[in-house]
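Below, chain A is the first sequence line, B the second, and so on; all start at residue 1. Just so you know, these numbers use all the heavy atoms, side chains as well, and skip hydrogens, waters and symmetry mates.
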Amino acid sequence: MKKWFRLLVPIAAVALLAAACGDDDDDVATTDETAAPAAAGVVCADPLTIAFFGAQTGDAANLGLNESRGAELAINEFNAANPACQIGYKAFDSQGNPDNAPALAQQAVDEAAIVAIVGPAFSGESRTANPIFEAAGLPIVTPSASAPDLSTLGWTIFHRLIANDDSQGPAIAAHIAGELAAAKVAVIDDNSEYGLSLAEIVAGELEAAGVEVTVTDHVDPASQDFSATVTKVKDAGVDVVMYGGYYAEAGRLRKQLVDGGVTAGFISGDGSLDPGFIEAAGAEAAEGAILTAAAFFSPDGYTGGADFGAKFLADSGSAPGLYSAEGYDGANLILAAITAGNTTREAINTFLSTASFQGITKTFKFLPNGELDGPAAIYATVVEGGVLVGAGQIGG
Amino acid sequence: MLLELDDVHVHYGKIEAVKGVSVTVDEGEVVTLIGANGAGKTTTLKAVSGVRNVTGGRILFEGADITKVAPHRRVEMGICQAPEGRGIFPGMTVLENLEMGCYTRKDRKTGIKARDLERVYGLFPRLAERRTQSGGTLSGGEQQMLAIGRALMARPKVLLLDEPSMGLAPKLIAQIFQIITEISRQGTTILLVEQNAQQALRRADRAYILESGRVVKSAAAGDLLNDDTVRQAYLGGLGH
Amino acid sequence: MIATVVLASLSEGARLLRDNFWDYTVTGATIGAIYSLVALGYTLVYGVLRLINFAHSEIFMIGTFGALYATQWLGFDPGDPKKTGIALIGVLLFCLVIAMAVSGASAVVLERIAYRPLRRRGSTRLAALISAIGASFAISEAFALWRGRNFEQFPRLFDKTHTVFTLFGYDVRADQVLIILSALFMMVALDQFVRRTRLGRGVRAVAQNSETAQLMGVNIDRVIVLTFLLGGLMAGGAALLDMVFLEQTRYNIGFILGVKAFTAAVLGGIGNLRGALLGGFVLGLVENYGSALFGTQWKDVISFTLLVAVLMFRPTGLLGESLGKARA
Amino acid sequence: MSTVWASVRLRRRGPLGISSSLQGAWTGLPRAARYTIGTVGVALLYLLPEIPLGLIETQGTKWESVLFFPILIYVMMAIGLNIVVGRTGMLDLGFVAFFAIGAYATAVLGGLHDWNWWLVLPTGIALAMAAGAILGTPTLRLRGDYLAIVTLGFGEIIRLTANNTESIGGPRGISDIPVPPNVGGLEFDNVLDDRPFYWLGLTLVVLIVFIVRRLERSRVGRAWTAIREDEDAAELMGVPTFTFKLWAFAMGAGIGGAGGTLYASQHRLASPGTFQLILSILFLAAVVLGGSGNLVGVIVGAAMIAYLPERFRGFEDKRVMLFGIALVVMMIFRPQGLIPSRRRAAELEDPVTPPEMADVSTSSQELAGYELGEVFGPGTVSLDKPFAPDPRSPAGDGDHG
Amino acid sequence: MAEATILSDSPSVASAGPESGPESGSGSQRLLELRHLTMRFGGVHALNKVDLHIDRGEILGLIGPNGAGKTTVFNVITGVYDPSGGDVLFEGRSIVKRKRYQRTKLGIARTFQNVRLFSEMSALENVMVGVDAQHHSSVGGAILRLGRQRREEREAHERGMELLEFMGIARRAHQTARNLPYGDQRRLEIARAMATRPKLLLLDEPAAGFNPAEKADLMSLIGRIRDDGYTVLLIEHDMSLVMGISDRVAVLDFGEKIADGSPASVQADQRVIEAYLGVPSDDEDLLASTGPGAPGDAEHAEHAEHAEPVGRAEPAGEG
């Protein structure tokens, strides 16, 4: 854990520096339609609460905490600026487990003060919780549930703050086929809903682009030893290994591939975009790996996020991570709705579905199915010298 | 007095198997406990060696109260038992089984051990022949010899023998009892539990008759050979 | 249609296995060696107490943290330069001693807290099994609270990519040689200890006939502690080797490995030391070969199917004897 | 018979706890009174979601939802597993497999093939029973620990196969699952109201309890218990042990399947991630915690196992650890479970004259044996070996050489 | 009263099936026949070409020194062991291929040397398991409480109570078997075996651990069981008991039958005396001491010395 911090310190320092050089405008919501919270402040009669839904504990807590701290920061800022409208915050800790989600969702729905949800963080829990939110008309903005089909299930309360895997997958494939100019590719996943979906999309796109996928394999994330997969990859002599899954296994796989003598390039999706990847792989083996996401790993990549890292650190005591900025934006989006005078679930949902809002990560405007309107940006991050370095947009 | 049982009670759960047995064994004696099945003989012996908890009364050894002493400590003090059913370690060789006998001995110098082994092999030449054979493959008689020999390896002050004649051919029974007499002659005190009353009474100095967990009679062994109490307690009163 | 697909993938798997046979063999044997060492702990305790020590996996996990701390105490960081020669041997031995000591000690403590009170009360073995499961939860979760739920990295101590020798075209790596050899050495040492020494005889005696063993002056409590200690030491050894091999650990790392090691112990014949050795290697190899043939995602299915198949035909495992009956 | 496990110092206490005296009071009541109390009790269970219970209710999660899952589902699973473990004495570490089969049957038949829910339920149960029989046929001759590890393996095989099979959704699972048609005021399609599911589930549980009671008090139940107590003696007394073991497995599996069906319909999702090994272990813990073999006991045990972690969500990360510690402490101080089987309750009787062998054949057997079958362990009772009560009796068989 | 009921339910009168009763079935007086029965364990012959028959309605005493193979005979008859050679005929038909529980259904029941009750069940339930052997209702019947199931359940209960009464332990009906006094456990075992409606009842040392008074009770009880029409094969060490009650006695030694005949003729048989007392040896004590014995080698077969903590060494002399 401590090393985790050590790696984050330089990032945080960069963020601080950026903040110092940036302009002094603290306002986050500046669009044509909605005015920034006025100095006089928003006045609201009823107690209102914004809830976070996702893992706070358990194995998947990292991502959940990244997001919830961002949301909390947004609410704290709002409350400081608007003494006459104090917004409550509550976290529902699903541990990322779809089995736990319904009872929690029912509870959230039952609490009248909760007017909107930031989350659920994962696609799996979305499947069991969102029908409940839908039935109750409780709007959600999810910063990270990326399964493409979530927007096809007819949920009117669903809003996704990032591009889904249907955008990320082709971007990765295009990058492999184009930039990396690979002829043979191994597509490996962790046999999870997220990992397998992403891997399948990438493999399909690669085949379509005429790149040969010579190895497909599914590793067991609970298993420590991936040597059978390494042998398979070695046997095929591929140019690039694409992995769909989460950072701990991605790092472990990368390490074992390098140890086994595989020199192919390595690319993985947003699940792997975490400093934990470098830790797990070891700085040496991690070097050069490409990790993509529909978001920047560090908020200073965003135009509006210059001082976000510093504020985040000050507020929560830890550095921001992947989707922290999206969590922050999500909460601000809801706060913008409240600022605009919407205090019921229905009104907020209508606001979310129709309004356009400038966050620090992007401009949010949603299609009727809850997906973002406009081109989806996919960004790459590269491991260089043992740290994650932004490498710009690769698709969208 | 080498060994003394004073009003010993033993329970199995709620069932009282031994109901206040008092037995004394003097140094050099052969004392036998006889009685029908279920009379509490074996349980009494197990209480002496400590593998059964005493629920009442005391056990004294060389004057010290050993009622609460752990079984392995009692072996160190010089109480060693050849258990009912022999308790051979089937996966160990004869030699290893014998070595188990001196498990607690502090003087594990090879010389002394070799001398003890020699003594046992002297008493039981068959064991010497089979020393590398595994215990489970021995015949019943050989196992009994091994059990007694193994107990002797501990150089016990008192040797507890539980039904050494059990399941043996008459010829072997005779041999075993001859050896018991020999062991006693060499100076080891023996407490013998036996169903074969005739043999036991012939070989022992004194005898206790147990019935339903109680001592019903104790006397010099010879006097009991033709005693009616023995017949009653042990042979049963039927069919005459 | 499905049959054709299956056959096609099988024939591709067969080619893969044929072309990389020694690769699969060496990597399978490496993980198999670790399975074997952990399986010894299950088998020892089972042989003496007839208890599935469900928390043994946590003893292993504690060992990995012991090894990790040893390197940290020596001042290693994941990025540090690798050691060679005497220094390397010294570091490895130091970590081994610490891992074994930590695992051994926790196994003894575990026995004292979670099993002995039950034994004293004459509990059923089912109760003991539940207690073991509870202890397993408690220990691993305690580590999760203490160390967090993320993986922690073990530093690279030496150049693993270095090829020691080439086996039919497969470059055998230094860490693989180290793991297989040291595991074998530890297992032989344990086997000899149990067979040749007085204390080992005591363990065997209790396993074969506990009451007679008591009558021979064996302190059963001490033997049981010794059994847990030996199992813990082996798990500690396995923990260091696992850290050298895979270089990361966290609170629940023991769970899957424990299930596998227990499977290996049953496969070889639970209660049988040599069975654990055999079972571990067989499991490691079959898993790897099966992964090649059917795909990695079927790895665990293959292990458990193998287990069921073996038990069908040899209901007491491959070697089938209990610890007690092992011949000298 | 003395294995080391119990050989050392035995201090068996009669489980004279509150529960056993309560049990005594209960059995002492007249029949009518018992029926009345029972009916009122069941009625109260139906009213549970309606009565305000204050602090008893879970705080962070909705009480009505928690009542259905995990509490009711766990109860159902524990009742099923109890037939296998508590009644028949076979250790099953992979019971989650049948839960999974029930859930997937619902998902595939109801979701992919649009079967009527009321047809799906019995089919799911039947499929789970068939799976139990299929698993049982080759494995039931294994004993004790071997059966345990094989069932554990079976549970994992089912989960991994589901995960690897694309046609049933692979890791994504199947999320388009039908709910029961609305009946009267019970709107199963209202996702905001879990009470209809709770009531439906409770009705199923009542029905299952009724069936299991009848089984337990019949020739079948006696055969099960006889197998648990002494399988060989049972067979020699004319019990077709294999058939009845298979029935036990199938009945347990069927109840597990019913649980799976209900769970999948309510969660509208069947995905492999749900059916982890840990669930099997929790179900087993529920059975043992409540009092293996006792129906009321396992119901209470399951309710506790499901309820406590939900109630104490405040402990968040610590609750699994506390649960583990609780299991250990419980096994140390009350190994017979919260509400032990009636038979375990101490009985007063006149003192008897016990021959030494009385303890050899009964009490030590009970003390040393795994409750799950008296002779436990490799190779103890196979037909080619003598009938030795102690697997390790030195002269037990002549093949050590 | 109890006696009368038992009588009415006894195999000779009950019309449980075409095979029941000594007069029906094969019509022969032979109930059980062992032909050249051989049982080997490893290289040891536990039984060597044993021929033995039991006629309907008799009590056959089976005696022999420890390790002679008596319990092995029981185990082969009941199917615990598959014989290495020879045949077992029950009512004229070979049963060696039958499963154990099927043999019980055919009408063979046994008790055990060491009591093996279902220790957590009540005494009544133990006996009911025995009654169940001749019943057929299974899961479906139990759930639906079909007529047959109810009838069978009632019968099991009634017959169980009758048998407990017959054995004099009816007051123990609702006590857990484990908590019964030892003597009652032995009686319960006999009741449980009788509950299966056996045509042939195998009793393995039923008097082991009994005091003389109890033995006398048991003797008269076995007599009554025979009088009710059961056929009894009895292993017993107490010579006075065996000789007093058996119609015929067979003697095994070293796995071979060495004598078979009336008690008196067996007692007079020189080979029997030698088997029991041992061949006179140089030690004169041998003749005086009357412990039975068998050379050790046969013991692997029956491991009698360990699994049978009881029932040895009854002096043979006074029978």
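- E/R186 has no carboxylate O lying under 4.0 Å from a charged side-chain N of E/E214, or vice versa, which leaves the two without a salt bridge.
- The candidate from E/D184, E/V129, E/V139, E/V131 with the greatest count of non-hydrogen atom pairs under 4.5 Å with chain D is E/V139.
- For chain D, the option among E/K105, E/H135, E/Q134, E/Q149 with the highest count of heavy-atom pairs below 4.5 Å is E/H135.
- Heavy-atom pairs under 4.5 Å with chain E peak, among D/R222, D/R217, D/R213, at D/R222.
- No donor-acceptor pair closer than 3.5 Å links the side chain of E/R98 to the backbone N or O of E/Q102.
- Using a 4.5 Å cut-off between heavy atoms, E/R145 contacts chain D through both its backbone and its side chain.
- A cation-pi arrangement, defined by a distance under 6.0 Å to the six-membered ring centre and an angle within 45 degrees of its axis, is present between E/R192 and E/F118.
- Looking at D/A234, both its backbone and its side chain come within 4.5 Å of chain E, counting heavy atoms on both sides.
- Both the backbone and the side chain of D/V239 come within less than 4.5 Å of a heavy atom in chain E.
- Both the sub-6.0 Å distance and the 45° axial angle are satisfied by E/R116 relative to the ring of E/F112.
- A side chain to side chain donor-acceptor pair (under 3.5 Å) with E/D204 is found for one member of E/N75, E/T71, E/T111, E/N114 and no other, namely E/T71.
- Counting heavy-atom pairs under 4.5 Å between each of D/T241, D/T243, D/V220 and chain E puts D/V220 at the top.
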- Going through the distances and angles, do E/T78 and E/R103 end up as a side-chain hydrogen bond (donor to acceptor under 3.5 Å, both in side chains)? CA-CA 7 Å; E/T78 51; E/R103 301 186 199 205; over 6 Å; no
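- Interface remark: E/H136 contributes backbone atoms only to the contact with chain D (heavy atom separation under 4.5 Å).
- Most heavy-atom pairs under 4.5 Å with chain D: of the set E/S137, E/A193, E/G130, this distinction falls to E/S137.
- At least one donor-acceptor pair under 3.5 Å links the side chain of D/K245 to the backbone N or O of D/L140.
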